[in-house]
A.B. asks: 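Here it is: the structure, laid out below.
Heavy-atom basis, side chains included; hydrogens, waters and symmetry copies ignored. Each chain gets a letter, A, B and so on, in the order its sequence line appears, and its residues count up from 1.
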Amino acid sequence: QGGGSAVIDMENMDDTSGSSFEDMGEMHQRMKEEEEEEVEGDAAAAEEEDGEFLGMKGLQGQLGRQVADQMWQVGKRQASRAFSLYANIDILRPYFDVEPIQVRARLLESMIPVKMINFPQKIAGELYGPLMLVFTLVAILLHGMKTSDTIIREGTLMGTAIGTCFGYWLGVSSFIYFLAYLCNAQITMVQMLSLLGYGLFGHCITLFVTYNIHFHSLFYIFWLGVGGLSTLRMVAVLVSRTVGHTQRLILCGTLAALHMLFLLYLHFAYHKVVEGILDTLEGPNMPPFQRVARDIPVVSNAVLNATAKAIALTL
Amino acid sequence: LLAELGINFEHIWQKTLTVLNPLKPADGTIMNETDLTGPVVFCLALGASLLMAGKVHFGYVYGMSAIGCLAMHALLNLMSTSGVSHGCVASVLGYCLLPMVILSSSAVFFSLQGTLGTLLALFVIGWCSLSASKIFTSALAMEGQQLLIAYPCALLYGLFALLTVF
């Protein structure tokens, strides 16, 4: 190349074999070329079979149709391959192989803290119980929201309930699993999902009782008692599987805090609306409470104002 | 014409009787043919009786049955040794919706939001889920796991009951 050239020839730059970006680009290009060869090869083969029609129907129309057809086939094959790889539900089959007796025993055990923390406690890697408990929590939340006439402005009741419960189960399990990985605890992801899922049994009982019987003191007793027992059980199992005081403290402190705070949140997020409505009904000049469907915006102004005021006061 | 469409009134009546009597043992072969006429009729009847009670919830009924069928299909495939098809699951769940239609018809005459309504709703949920789990366990040969199948069915029918009661 000439000495006076102002163009920099990138091909002669230093060796960039360590750069993954270029390698990926190269690989991608090579894959695309292979694909195109395959497509052209198939198209050519099909073309040869239909060679005698080409002259009559027009070269471009026939060729275009063949190429489009081949592209569709290739795309479909790739999509089905990806689908069968990621959506293979049979991977989860062993985790659903349970008997009713086992599920009942595990539910009861989830409320009993273990005493032996010196050797690792066994955790059943099962997903049926936890999944059913999460769905039960969703149902209890929905029932609580319906009985307290909660109005969700952006979203739906069902979406909120499912998002909250599944978000907690999957999100907190992943987070604690990550912390467990940092703290060198002996626990797998499925075991963590199972442990936290069964820990929601206490939440289900507490919310089922306190959504129907509205006493604050009763809720606090259940929160400490029932919530505390299920948290203690989870903490004891984790302690038995972790070595080192600091690690145990970090892991178990985080889990206990998140678990107890979640129960507190679930109670108060859907409870204050009940208080608002109860206060409204006790006023002397209030019209009788009208039963309105959720998506009809015509509500009694007094009820609406009183509820908004109650919510603003509690916030 | 009905024979051509595959609508067999005798079979529909047999399956309806099986649902209405949850304590009688079910014949495992009745679900071999996937019949969606009965379920569709029952879903429309549910929507119509909700309409008579002043609630227009056809979309909710449709959405909840679709998602419920998908979820139950996934769960049953995971729990049973022999697989099950979407049509079979939809058929069974649709037939067992009949007691829910009875509940929502009674909602036309009196409000279900009191203690009596709650007890009636719980009874009907139990009835539906017992029938559905009985048919599933006999069709898929899953003895001993009837309670494990009844519970998710109860959750699904509980959602329908929430729709009916509130």
A.B. asks: Side chain from CB out, backbone as N, CA, C, O: work out which of these in B/Ala154 comes under 4.5 Å of a heavy atom of chain A, or both, or neither.
C.D. replies: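 It is neither, since no heavy atom gets under 4.5 Å.
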
A.B. asks: Evaluate the side-chain proximity of A/Met132 to B/Leu75: yes if any heavy-atom separation is below 4.5 Å, no if none is.
C.D. replies: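 Counting from C-beta outward, B/Leu75 and A/Met132 do come under 4.5 Å.
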
A.B. asks: State, yes or no, whether a side-chain contact exists between B/Tyr151 and A/Val103 at a heavy-atom distance under 4.5 Å.
C.D. replies: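 No, their side chains stay 4.5 Å or more apart.
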
A.B. asks: Checking A/Tyr95 against chain B: side chain, backbone, both or neither under 4.5 Å from a heavy atom?
C.D. replies: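 Neither part.
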
A.B. asks: So for atom CZ, which belongs to A/Phe208, do other residues, nucleotides or ligands contribute more than 12 heavy atoms lying within a distance under 6.0 Å?
C.D. replies: no

A.B. asks: What is the distance from atom CZ of A/Phe96 to atom CG of B/Leu148, rounded to the nearest 0.5 Å?
C.D. replies: 11.5 Å

A.B. asks: At what distance, to the nearest 0.5 angstrom, does CG of B/Leu159 lie from CG of A/Leu142?
C.D. replies: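 Going from the CG atom of B/Leu159 to the CG atom of A/Leu142 covers 6.5 Å.
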
A.B. asks: Counting heavy-atom pairs closer than 4.5 Å to chain B, which one of A/Val138, A/Asp97, A/Thr136 comes out on top?
C.D. replies: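 Between A/Val138, A/Asp97, A/Thr136, the count favours A/Thr136.
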
A.B. asks: Could you check whether atom CD1 of B/Ile67 has more than 12 heavy atoms from other residues, nucleotides or ligands sitting under 6.0 Å from it?
C.D. replies: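 Not buried by this count: 12 neighbours or fewer within 6.0 Å.
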
A.B. asks: Could you tell me which portion of B/Thr118 (side chain, backbone, both or neither) has an atom closer than 4.5 angstrom to a non-hydrogen atom of chain A?
C.D. replies: neither

A.B. asks: Let me confirm one number: the CG-CE distance from A/Leu92 to B/Met79, rounded to the nearest 0.5 Å.
C.D. replies: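 Rounded to the nearest 0.5 Å, the CG-CE separation comes to 13.5 Å.
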
A.B. asks: At a 4.5 Å cut-off on heavy atoms, which part of B/Met142 comes close to chain A: side chain, backbone, both, or neither?
C.D. replies: neither

A.B. asks: Can you tell which part of A/Val98 gets under 4.5 Å to a heavy atom of chain B, answering side chain, backbone, both or neither?
C.D. replies: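 Its backbone and side chain both get close to chain B.
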
A.B. asks: What's the separation between atom CG in B/Leu162 and atom CE in A/Met158, rounded to the nearest 0.5 Å?
C.D. replies: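 Those atoms lie 8.5 Å apart.
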
